[in-house]
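For reference, the structure discussed in these notes is given below.
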Amino acid sequence: MDTNYYRKVQLPAGDVHVYAGDSLFAELNYKVFEMANNNLQIPNQVYMSYTPDVHVGVGTCIGTTAVWRAADGYVSPSIVGSDIGCGMRVHLTNLHKDEVKDVKLRRKLVKAIERLLPVEDHARGHFSDIRLEHVVLKGLHGLPKKYLPDGYTPRKSRSLTHVEQSKFTLDEEALNLFPERVWHRSHRQLGTLGNGNHFVEIQSIEIAEPMRQIAETWGLFDGQVAVMIHSGSRNWGGSVSQYCGSLMKKMMQKEGLGTADPNLLFAPLAHQEGRNYVSLLYSALNYAVANRHLIAYAVREAGKEVFGSKFEMSVLYDLMHNYAWQEEHEGEDYFVHRKGATRALPAHHLDNPEPYRETGHPALIPGSMGSSSYIMVGAPGGKDNFYSICHGAGRIRSRSQSKKLITVDAFSAALKIGTEDEVVVNHKSLEALVDESPQAYKDVDQIIESVVGAGLAQVVAKCKPLAAVKGV
DNA sequence: ATGTGC
């Protein structure tokens with residue numbers, strides 16, 4: 001039994017605040033501290049922390065929150081990660097899990113989703129009537145109104161109010177840095193899922209009793225079928241990372257900036273390279289939010305096809321876990337990076353979107369395939385950690401190691417293949433997905449226990465998988 | 001994670 005959920009780890013370059021229970025802390029690889037020590041060498045940093053799902057990434061660990069004052073701050077593409085704006089979205093349906101008890105019906109739904117949502121490598125999106133420049137400049141506000149199906153009015157729409165930020169404002173000039181082929185590719189990719197750990201999952205809701213009141217305020221009920229989406233900014237964000245990263249690398253060499261890790265890139269916010277990156281980063285956040293919205297649009301159409309026109313799928317919330325932006329904390333402006341970390345604001349915090357002001361907003365935490373996901377809400381104790389919590393289970397084995405070590409049988413058992421409770425997956429061969437098996441990840445329940453134990457957030461509902469659609 | 005890289 002863990003007793004301690006927080007430690008300040010003092011390293012030569014500064015302190016990293018680690019939020020993890022005793023057992024998860026004991027399992028941390030020394031490399032995550034080596035990486036922290038490099039990241040702490042970026043000038044003027046005021047705070048850095050790890051969530052319990054922390055693991056080694058490129059330049060910076062996944063599970064990092066890193067903070068600067070806006071006035072003399074730095075921005076780092078390495079502390080954002082290459083999938084800019086990657087995040088979660090949950091929709092609530094009007095179905096009960098008993099209505100999808102039949103494995104054949106779940107399979108039919110998965111097939112319908114696959115038909116309407118491009119999941120194949122290089123697949124084109126179905127949204128040629130959308131202007132990419134409107135999307136990257138205005139986020140959800142740049143979409144034609146027909147894609148905001150839940151009663152759009154300029155002032156009141158669930159699609160727009162139930163996202164952490166429906167529009168990021170940026171310097172339009174920065175967009176000119178991109179060549180035509182990037183625009184072309186990214187336009188075609190709008191509304192596509194991607195691969196790796198990205199997914200659409202059909203889940204059933206199990207409300208956590210102590211938080212029932214909040215759950216019901218949010219419109220949740222026991223046994224409710226929910227749709228969880230995990231995707232990001234596709235090629236657009238990748239191009240931003242690559243392009244800005246290479247410019248930043250040159251700038252760092254010229255100015256003699258850097259740490260022991262050549263993959264750790266950063267620039268002052270006030271510097272031209274920093275400003276360009278922030279603008280393009282925001283454009284990728286706009287892309288990512290719109291992309292998840294369009295994925296949901298396709299899933300809704302599939303749901304209507306299978307369950308009829310009475311099928312409803314309204315958005316609960318959309319938020320990211322790979323990004324950097326400005327936030328106000330105690331009257332001061334900060335530039336906050338979250339790489340594999342989720343913001344979870346408590347009740348009454350003024351940064352909550354209006355519909356969630358009284359309760360705190362839903363914080364959406366995916367599990368690994370075949371395990372549970374969680375809908376949480378921030379707790380007041382999150383203040384010390386700039387309101388960051390975990391982003392998921394956190395990988396413990398590399399994709400290549402997982403393919404070597406994990407058997408298809410073990411994975412098949414986790415998905416209950418061949419039983420009535422089978423988690424229906426769109427893949428023909430499980431072998432291709434073994435690197436997404438639960439055995440490739442930390443135990444998400446243990447991660448959640450650490451977050452709750454540390455007083456950062458509380459569980460509102462557990463979401464159990466019924467079916468999953470992955471990139472093929 | 002990415003229409004993947006030397």
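Chain letters run A, B, ... following the sequence lines, proteins first and then strands; every chain starts at 1.
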Looking only at side-chain atoms of Arg234(A), point me to the closest of dT4(B), dG5(B), dT2(B).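 Closest nucleotide among those given: dT2(B).
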Any base atoms under 4.0 Å from [X], or only sugar-phosphate, or nothing? Heavy atoms, all strands.
X	value
Gly196(A)	sugar-phosphate
Arg181(A)	nothing
Asn322(A)	nothing

Mind calculating the distance between [atom1] ([X]) and [atom2] ([N]) to the nearest angstrom?
X	N	atom1	atom2	value
Asp121(A)	dT4(B)	CG	P	9 Å
Trp236(A)	dT2(B)	CH2	C1'	15 Å
Glu120(A)	dT2(B)	CD	C1'	18 Å
Arg399(A)	dT2(B)	CZ	C1'	12 Å
Asp435(A)	dT2(B)	CG	C1'	15 Å

Please figure out whether Val58(A) or Gln242(A) has its closest DNA chain B nucleotide nearer the 5' end.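 This one resolves to Val58(A).
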Do any side-chain atoms of residues 440-450 of chain A form donor-acceptor pairs under 3.5 angstrom with protein atoms, and if so which ones, sequence neighbours left out?
{"from": "Tyr441(A)", "atom 1": "OH", "to": "Arg395(A)", "atom 2": "NH2", "distance (Å)": "3.1"}
{"from": "Tyr441(A)", "atom 1": "OH", "to": "Glu436(A)", "atom 2": "OE1", "distance (Å)": "3.0"}
{"from": "Tyr441(A)", "atom 1": "OH", "to": "Glu436(A)", "atom 2": "OE2", "distance (Å)": "3.3"}
{"from": "Lys442(A)", "atom 1": "NZ", "to": "Pro52(A)", "atom 2": "O", "distance (Å)": "3.1"}
{"from": "Lys442(A)", "atom 1": "NZ", "to": "Val54(A)", "atom 2": "O", "distance (Å)": "3.0"}
{"from": "Asp443(A)", "atom 1": "OD1", "to": "Asp445(A)", "atom 2": "N", "distance (Å)": "3.1"}
{"from": "Asp445(A)", "atom 1": "OD1", "to": "Tyr374(A)", "atom 2": "OH", "distance (Å)": "2.4"}
{"from": "Gln446(A)", "atom 1": "NE2", "to": "Ser23(A)", "atom 2": "OG", "distance (Å)": "3.2"}
{"from": "Glu449(A)", "atom 1": "OE2", "to": "Tyr5(A)", "atom 2": "OH", "distance (Å)": "2.9"}
{"from": "Ser450(A)", "atom 1": "OG", "to": "Gly21(A)", "atom 2": "N", "distance (Å)": "2.7"}

Sequence neighbours excluded and cut-off under 3.5 Å, please list the side-chain donor-acceptor pairs for residues 59-70 of chain A, or say none.
{"from": "Thr60(A)", "atom 1": "OG1", "to": "Asn39(A)", "atom 2": "OD1", "distance (Å)": "2.7"}
{"from": "Thr60(A)", "atom 1": "OG1", "to": "Ser78(A)", "atom 2": "O", "distance (Å)": "3.4"}
{"from": "Thr64(A)", "atom 1": "OG1", "to": "Cys61(A)", "atom 2": "O", "distance (Å)": "2.8"}
{"from": "Thr65(A)", "atom 1": "OG1", "to": "Ser388(A)", "atom 2": "OG", "distance (Å)": "2.8"}
{"from": "Trp68(A)", "atom 1": "NE1", "to": "Pro43(A)", "atom 2": "O", "distance (Å)": "2.6"}

Here's one to test your reading of the geometry: is the NZ or CZ of Arg7(A) within 45 degrees of the ring axis of Phe25(A) and under 6.0 Å from its centre?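 Ring-cation test returns yes.
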Answer yes or no: does a side-chain N or O of His122(A) lie under 4.0 Å from OP1 or OP2 of dT2(B)?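 No, outside the criterion.
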Is it true that the side chains of Glu327(A) and His329(A) contain a donor and an acceptor less than 3.5 Å apart?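 Note: Glu327(A) and His329(A) side chains meet the donor-acceptor criterion.
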